[in-house]
Asks: 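Next up is a structure, given as structure tokens.
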Amino acid sequence: MSMELITLKSPREQDAMRKAGRLTAQARALAGRMVRPGVTTKEIDDAVRKFIRSHGAEPSFLNYGGFTGSACISVNEVVIHGIPSKKVVLKEGDIVSIDVGAYLDGFHGDCAATYPCGEISPEARRLIDVTCQSFWEGFQNARAGRRVSDISHAVQAYVEQHGYSVVREFVGHGVGAKLHEAPEVPNFGPAGHGARLQPGMAIAVEPMVCAGDWRVKVLRDGWTTVSVDGSLAAHYENTILITGDGPEITTVTEDGAYV
């Protein structure tokens with residue numbers, strides 16, 4: 001466990017995070033609009049990279065630890081870290097998780113959502129909806145004075161109440177001048193533990209939910225992470241500022257959209 005200190009953002013830094021977050025959310029929305037049968041994940045990735053750079057920013061993920069894409073694009077049983085490829089052609093019924101980060105004026109935004117490709121099954125739609133709502137259950141606990149695991153417990157309880165499982169091996173995190181900062185924000189565990197939330201903290205809360213077993217495995221490329229049993233997976237994430245007036249999402253578009 002990292003002993004890295006949690007950074008509190010000044011009002012100026014919080015404003016910078018709002019700008020980075022807005023751009024990141026716009027990139028996520030652009031990617032989501034491109035999800036349709038016949039499109040490759042590489043085409044979506046290229047569009048995300050061009051869009052972010054056209055606004056004077058850099059994709060947070062490009063070359064991060066050697067990652068070759070500007071977005072993580074994960075289809076069906078791929079939970080996270082799907083590498084964009086010309087060979088991955090989306091088809092009717094797929095569900096597509098897109099994770100985007102943008103680095104603007106010294107700060108990162110980080111967000112993700114899972115999108116339907118054409119008509120999807122009722123089961124797939126329910127998985128997406130429960131994953132998204134589990135974020136909002138956690139969000140209600142992202143308040144100054146609460147503890148990190150109050151968020152974790154709320155996410156897990158909602159997911160499991162609906163018969164799904166939360167991934168344990170990957171977690172949310174602090175975000176700011178670095179893409180991954182302290183504290184870690186798991187999506188599971190008992191309430192009342194972990195760092196106490198304070199105004200000025202910024203965290204990325206990101207439920208990763210499997211329709212079956214919660215365990216995952218990383219493929220030989222070192223990135224692509226799939227459910228061990230091949231079950232569908234969904235992912236939803238926003239960057240949250242902790243303020244004295246309650247939690248504020250920075251990764252929201254100018255017209256107020258979170259997907």
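Keep in mind it's a predicted model, so treat the numbers as computed, not measured. We count residues from 1, following the sequence as given.
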Asks: Looking at Phe135, Tyr236, Trp136, which hits ring-ring contact (aromatic ring centres under 6.0 Å, His included) with Tyr258?
Replies: Trp136
Asks: For Ile242 versus Ala144, what's the shortest heavy-atom pair and its separation?
Replies: CG2-N, 3.7 Å
Asks: Indicate whether the side chain of Thr7 and that of Glu181 have a donor and an acceptor atom separated by less than 3.5 Å.
Replies: yes
Asks: Decide if the gap between the ring center of His235 and the ring center of Phe170 is smaller than 6.0 angstrom.
Replies: no
Asks: Considering only residues two or more places apart or on different chains, which pairs with a residue in residues 200-220 satisfy ring pair (Phe, Tyr, Trp, His ring centres under 6.0 Å)?
Replies: none
Asks: Indicate yes or no: at least one non-hydrogen side-chain atom of Leu90 is less than 4.5 angstrom from one of Pro37.
Replies: no
Asks: To the nearest 0.5 Å, what is the distance between CD on Glu92 and CZ on Arg36?
Replies: 12.5 Å
Asks: Say you draw a straight line from CG of Leu197 to CG of Asp150; how long is it, rounded to the nearest 0.5 Å?
Replies: 7.5 Å
Asks: Working to the nearest 0.5 Å, report the span between NZ of Lys86 and CD of Glu43.
Replies: 10.0 Å
Asks: Decide whether Asp110 and Thr239 meet the rule of one side-chain donor and one side-chain acceptor closer than 3.5 Å.
Replies: no
Asks: Any salt bridge between Glu169 and Arg215, counting N to O under 4.0 Å?
Replies: no
Asks: What is the distance from atom CG of Asn187 to atom CE of Met208, rounded to the nearest 0.5 Å?
Replies: 5.0 Å
Asks: Do Lys42 and Asp46 meet the salt-bridge criterion of a basic N to acidic O distance under 4.0 Å?
Replies: yes
Asks: Hey, does His162 have a side-chain heavy atom less than 4.5 Å from the side chain of Thr131?
Replies: no
Asks: More than 12 heavy atoms of other residues, nucleotides or ligands under 6.0 Å from CG of Asp213: is that the case?
Replies: yes
Asks: Any Lys/Arg nitrogen of Asp94 or Lys91 sitting under 4.0 Å from an Asp/Glu carboxylate oxygen of the other?
Replies: yes
Asks: If we ignore angles and hydrogens, is there a donor and acceptor under 3.5 Å between the side chains of Ser97 and Ser74?
Replies: no
Asks: To the closest 0.5 Å, what do you measure between OG (Ser121) and CG (Leu232)?
Replies: 6.5 Å
Asks: Go through it in stages, so that I can follow the logic: the residues are Phe107 and Gln14, the test is side chain to side chain contact (heavy atoms under 4.5 Å, CB included), and I'd like the CA-CA distance, side-chain angles, deciding distance and then a yes or no.
Replies: CA-CA 9 Å; Phe107 287 88; Gln14 291 178 41; over 6 Å; no
Asks: Decide if the gap between the ring center of His153 and the ring center of Phe188 is smaller than 6.0 angstrom.
Replies: no
Asks: Nearest 0.5 Å, please: how far is CD in Glu160 from OG in Ser134?
Replies: 11.0 Å
